[in-house]
Amino acid sequence: MGHGGDVINELTTDHREVDALFEEIQAATPGNSERKRLLDQLTIELVRHSVAEEQYLYPAIRRRLAGGDAIADKEIADHSRVEQLLKDLEQRGADAADFDVLVTKLKTEVTSHVSDEEQNLFVQLRQACDADELHELGEKIRHAKKTAPTRPHPSAPDTPPSDKILAPGTGLVDRARDFVTGRGK
């Protein structure tokens, strides 16, 4: 959940962990309950990552990059599509007829988003911000992931200040549900 370093290192490491989880899901036997457990873990990681980006990275993008509002809006729209797919998958077992189709759609959305971030957004961010600012953003991202929700909430606010106010409470409820159900273990 927290890796250290600047915001780009933190988020890139998250991306590699998500890639590995997709590989594990695809390697598991279709219909096997292990696939649902892996999907739950993937969901937890993606939701925490997205919430943290929405709380801290995208506001910095809006302030620091030319055309930052349009860039941030596009990134948030990507998150919305991913979150809806996660919500659709949350309601299905690994043996559902459309499970594999939805996982493939999810992987396509996430891979496209990650590629755009790493090849474009992070390059621009590194040019626009000094090392101290990038490290400070990394710390904020790590802190936000600790209190972020762990389940998809497609109708929740995704821009400040509402997201910063509501996400910790929602995260607390999600973590309590996860504890009771054993999800994410």
Side-chain angles (χ1 to χ4, degrees), residues 1-3 10-55 57-58 73-118 141-159 162-185:
M1 182 174 15
H3 313 291
E10 181 72 23
L11 297 175
T12 301
T13 302
D14 285 354
H15 293 166
R16 297 298 78 77
E17 289 175 353
V18 165
D19 291 343
L21 283 166
F22 272 120
E23 288 178 22
E24 287 185 64
I25 291 168
Q26 291 177 315
T29 305
N32 186 316
S33 62
E34 176 68 3
R35 295 180 90 204
K36 182 65 173 173
R37 187 193 68 75
L38 290 165
L39 179 67
D40 285 344
Q41 190 61 44
L42 176 69
T43 300
I44 290 167
E45 297 306 320
L46 284 172
V47 171
R48 286 177 176 164
H49 178 94
S50 296
V51 167
E53 284 185 334
E54 290 165 5
Q55 287 181 350
L57 179 66
Y58 300 149
D73 290 346
K74 182 232 176 259
E75 298 296 317
I76 290 169
D78 290 352
H79 285 188
S80 293
R81 288 190 302 278
V82 166
E83 195 161 13
Q84 187 57 58
L85 286 166
L86 290 171
K87 190 68 174 173
D88 293 345
L89 279 159
E90 181 180 51
Q91 302 165 14
R92 288 169 175 75
D95 57 350
D98 60 349
F99 185 87
D100 288 334
V101 170
L102 289 171
V103 169
T104 299
K105 285 181 183 179
L106 177 65
K107 184 176 182 187
T108 299
E109 284 287 339
V110 169
T111 301
S112 175
H113 178 79
V114 164
S115 177
D116 183 50
E117 276 190 347
E118 292 182 2
I141 292 286
R142 281 185 285 283
H143 177 74
K145 287 192 295 185
K146 289 177 184 175
T147 61
T150 61
R151 296 170 183 262
H153 299 278
S155 60
D158 50 20
T159 56
S162 299
D163 63 343
K164 288 183 182 178
I165 295 167
L166 296 175
T170 304
L172 181 63
V173 171
D174 284 355
R175 285 187 302 286
R177 286 178 63 200
D178 292 347
F179 177 78
V180 169
T181 63
R183 180 178 176 265
K185 300 287 179 201

**Prompt:** In terms of side-chain heavy atoms, does His79 have a donor or acceptor partner in Glu75 at a distance below 3.5 Å?
**Reply:** no
**Request:** Show the numbers, then the answer: is there a side-chain contact (heavy atoms from CB on, under 4.5 Å) between Leu46 and Leu42?
**Result:** CA-CA 6 Å; Leu46 284 172; Leu42 176 69; 3.8 Å; yes
**Request:** Measure the shortest side-chain to side-chain distance between Val82 and Val110 over non-hydrogen atoms and say whether it is less than 4.5 angstrom.
**Result:** yes
**Prompt:** Would you say the side chain of Arg48 lies within less than 4.5 Å of the side chain of Lys146, judging by non-hydrogen atoms?
**Reply:** no
**Message:** Please tell me whether Glu117 and His113 have a donor and an acceptor in their side chains that are separated by less than 3.5 angstrom.
**Reply:** yes
**Item:** Crowding at NZ, Lys105 (>12 non-hydrogen neighbours, <6.0 Å)
**Value:** no
**Message:** Are the side chains of Leu106 and Phe22 in contact, using a 4.5 Å heavy-atom criterion?
**Reply:** yes
**Request:** Might you work through the side-chain contact (heavy atoms from CB on, under 4.5 Å) test for Glu90 and Leu86, ending with a clear yes or no?
**Result:** CA-CA 6 Å; Glu90 181 180 51; Leu86 290 171; over 6 Å; no
**Message:** Has Glu54 got a side-chain atom pairing as donor or acceptor with Ile76's backbone, closer than 3.5 angstrom?
**Reply:** no
**Prompt:** Hey, does Val114 have a side-chain heavy atom less than 4.5 Å from the side chain of Arg16?
**Reply:** yes
**Asked** Taking side chain as C-beta onward, heavy atoms only, is Val47 less than 4.5 Å from Thr150?
**Response** no
**Message:** Is the shortest side-chain heavy-atom distance between His143 and Lys145 below 4.5 Å?
**Reply:** no
**Message:** Is there a side-chain contact between Leu11 and Glu53 in this structure, where contact means two heavy atoms from C-beta onward sitting under 4.5 Å apart?
**Reply:** yes
**Prompt:** Nearest 0.5 Å, what's the CD-CG distance between Glu24 and Asp19?
**Reply:** 12.0 Å
**Request:** Considering only NZ, NE, NH1 and NH2 on the basic side and carboxylate oxygens on the acidic side, decide whether Lys74 and Asp116 come within less than 4.0 Å.
**Result:** yes
**Asked** Counting distance only, does the side-chain N/O of Arg37 pair as donor-acceptor with the main-chain N or O of Ser33 below 3.5 Å?
**Response** no
**Within-4.5 Å side-chain heavy-atom neighbours: Phe99 and Leu39** = yes
**Asked** Looking at Asp95, Asp100, Asp40, which one forms a side-chain hydrogen bond (donor to acceptor under 3.5 Å, both in side chains) with Arg35?
**Response** Asp100
